[in-house]
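One structure is given below, encoded as structure tokens.
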Amino acid sequence: MSEELFYPVIETKRLKLRPLLLSDSKSLLEIFSDPEVMKYWNTAPWVGMQDALDFVNSSNDSMRRQESLVLGVCLKSTGELAGKCMLFSYDKDSRRAEVGFGLGRSFWGKGYINEAGEALIQYGFNTLGLRRIEAEIDPDNHSSAQALKKLGFSQEGLLRQRWEIDGVVSDSALYGRLVSDEPPPKSA
């Protein structure tokens with residue numbers, strides 16, 4: 001598989017999904033140091049610039065190894081970095097990966113997850129040849145559950161007491177979407 005497949009630029013009506021740059025670190029830190037953004041993640045909020053730099057470097061390393069696809073979600077109108085979207089835990093032989101998203105609070109509720117998500121999912125199915133895409137979320141994260149359902153995912157299971165972050169134990173709800181599933185209805 002060509003290395004370029006793991007460094008795409010994907011454009012939608014309002015967004016540009018592109019590989020992360022070190023110059024994105026300040027914006028990433030602002031987003032992922034916010035406890036509200038990180039409330040349902042399986043990691044604690046970032047605490048300093050090194051967390052952001054390490055994330056960009058490890059993301060690019062995993063893309064070079066063709067293990068994941070980590071893209072910044074940028075607004076076409078301003079070029080502003082709104083967050084990130086990822087296909088990770090890529091398994092070429094099983095033709096599956098997990099999907100994940102994270103947006104800054106000021107970008108919530110604007111339909112960006114649905115727009116970026118469907119573009120990334122289609123890239124996974126049509127370009128990377130994935131058969132299955134999975135997502136794992138905290139069952140209390142109703143916004144993510146709603147976004148996954150809009151993207152055509154079905155809840156497939158629950159893993160009890162899956163994570164412990166800063167002494168808080170939480171479950172994981174598992175979702176999946178197959179390339180053969182009916183596409184989600186178009187949003188109005």
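We use all heavy atoms of the structure for the numbers below, so side chains are in, but hydrogens, waters and symmetry mates are not. Computed from a predicted structure; not experimentally measured.
Not counting sequence neighbours, the partners of Asp91 by the side-chain contact (heavy atoms from CB on, under 4.5 Å) test are Asp93, Ser94, Arg96. Under the side-chain contact (heavy atoms from CB on, under 4.5 Å) criterion, Gln161 pairs with Val169, Asp171, not counting sequence neighbours. In this structure, the salt bridge (Lys or Arg N to Asp or Glu O under 4.0 Å) partners of Asp61, at least two apart in sequence or on a different chain, are Arg64. A search for salt bridge (Lys or Arg N to Asp or Glu O under 4.0 Å) contacts involving Arg131 returns nothing, not counting sequence neighbours. Partners of Arg162 by side chain to side chain donor-acceptor pair (under 3.5 Å), not counting sequence neighbours, listed by chain and number: Glu136. With sequence neighbours excluded, the residues that form a salt bridge (Lys or Arg N to Asp or Glu O under 4.0 Å) with Lys26 are Glu30. The salt bridge (Lys or Arg N to Asp or Glu O under 4.0 Å) check on Arg132 picks up Glu134, Glu156, with sequence neighbours excluded. Under the side-chain contact (heavy atoms from CB on, under 4.5 Å) criterion, Gln146 pairs with Lys150, sequence neighbours left out.
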Given side chain to side chain contact (heavy atoms under 4.5 Å, CB included), test Leu22 with Leu53 step by step and report yes or no. CA-CA 6 Å; Leu22 286 174; Leu53 293 167; 3.8 Å; yes
Decide yes or no on side chain to side chain contact (heavy atoms under 4.5 Å, CB included) for Asn141 and Ser143, but give the supporting numbers first. CA-CA 6 Å; Asn141 189 345; Ser143 295; 4.0 Å; yes
Quick one, Phe153 with Val99, criterion side chain to side chain contact (heavy atoms under 4.5 Å, CB included). Give me CA distance, side-chain angles, the key distance, then yes/no. CA-CA 11 Å; Phe153 283 76; Val99 69; 3.8 Å; yes
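Placement of Trp108 and Tyr112 within a single hydrophobic cluster is found when ILVMFWY residues are connected by side-chain heavy-atom separations under 4.5 Å, directly or transitively. Hydrophobic clustering of Ile, Leu, Val, Met, Phe, Trp and Tyr side chains at less than 4.5 Å, counting indirect connections, unites Ile133 with Leu5. Following chains of ILVMFWY side-chain contacts shorter than 4.5 Å, one can reach Phe101 starting from Phe88, so the two form part of one hydrophobic cluster. Both Ile10 and Leu130 belong to a single network of hydrophobic side chains, linked directly or stepwise wherever heavy atoms of I, L, V, M, F, W or Y lie under 4.5 Å apart.
Heavy atoms only, all atoms of each residue included: Ser89 and Glu98 are closest at OG-OE2, 3.3 Å. Heavy-atom minimum distance, Pro45 versus Ser33: CB-O, 3.7 Å. Scanning all heavy atoms of the two residues, the minimum distance from Ala145 to Ile137 falls at N-CD1, 3.5 Å. In this structure, Pro19 and Pro8 approach most closely via the heavy-atom pair CD-O, 3.2 Å. In terms of heavy atoms, Val56 sits closest to Ser25 at CG2-OG, 3.9 Å.
In this structure, the side chains of Pro139 and Leu158 come closer than 4.5 Å at one or more pairs of heavy atoms. Contact of the Leu17 side chain with the Val9 side chain is not registered, since no non-hydrogen atoms from C-beta on lie closer than 4.5 Å. Taking the side chain as every heavy atom from C-beta outward, Leu28 and Leu20 approach each other to under 4.5 Å.
Side chain of Asn114 to backbone of Gly111: no donor-acceptor contact under 3.5 angstrom is found. Side-chain atoms of Asn126 come within 3.5 Å of backbone N or O of Gln122 as a donor-acceptor pair. Tyr7 contributes a side-chain N or O that, together with a main-chain N or O of Asn60, makes up a donor-acceptor pair within less than 3.5 Å. Ser58 places a side-chain N or O within 3.5 Å of a backbone atom of Phe55 that can act as its donor or acceptor partner.
Here Tyr90 contributes atom OH and Phe6 contributes atom CZ; the two are 4.5 Å apart, rounded to the nearest 0.5 Å. Atoms CG and CD1, on Leu151 and Ile113 in that order, are 8.5 Å from each other to the nearest 0.5 Å. Note that CD of Gln66 and CG of Leu69 are 10.5 Å apart. Values are rounded to the nearest 0.5 Å. Once rounded to the nearest 0.5 Å, the distance linking OG of Ser62 with CG of Asn57 reads 11.0 Å. Here CZ of Arg160 is found 13.0 Å from OG of Ser172. Values are rounded to the nearest 0.5 Å. Here Leu87 contributes atom CG and Leu120 contributes atom CG; the two are 4.0 Å apart, rounded to the nearest 0.5 Å.
Sorted by first and then second residue, the side chain to side chain donor-acceptor pair (under 3.5 Å) pairs involving residues 43-54 (not counting sequence neighbours) are Gln50-Asp54. Listed by first then second residue, pairs satisfying ring-ring contact (aromatic ring centres under 6.0 Å, His included) with a partner in residues 156-177 number zero, not counting sequence neighbours. A salt bridge (charged side-chain N to carboxylate O under 4.0 Å, His left out) check over residues 99-123, counting only residues at least two apart or in different chains, returns the pairs Arg14-Glu115, Asp34-Arg105, Glu118-Arg177.
The environment of Glu182 atom CD is sparse: at most 12 non-hydrogen atoms of other residues, nucleotides or ligands sit within 6.0 angstrom.
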Can you give the donor-acceptor pairs under 3.5 Å from side chains of residues 70-86 to other protein atoms, not counting sequence neighbours?
unit_1 : atom_1 : unit_2 : atom_2 : d
Lys76  : NZ     : Glu11  : OE1    : 3.2
Lys76  : NZ     : Thr12  : O      : 2.6
Thr78  : OG1    : Glu80  : N      : 3.1

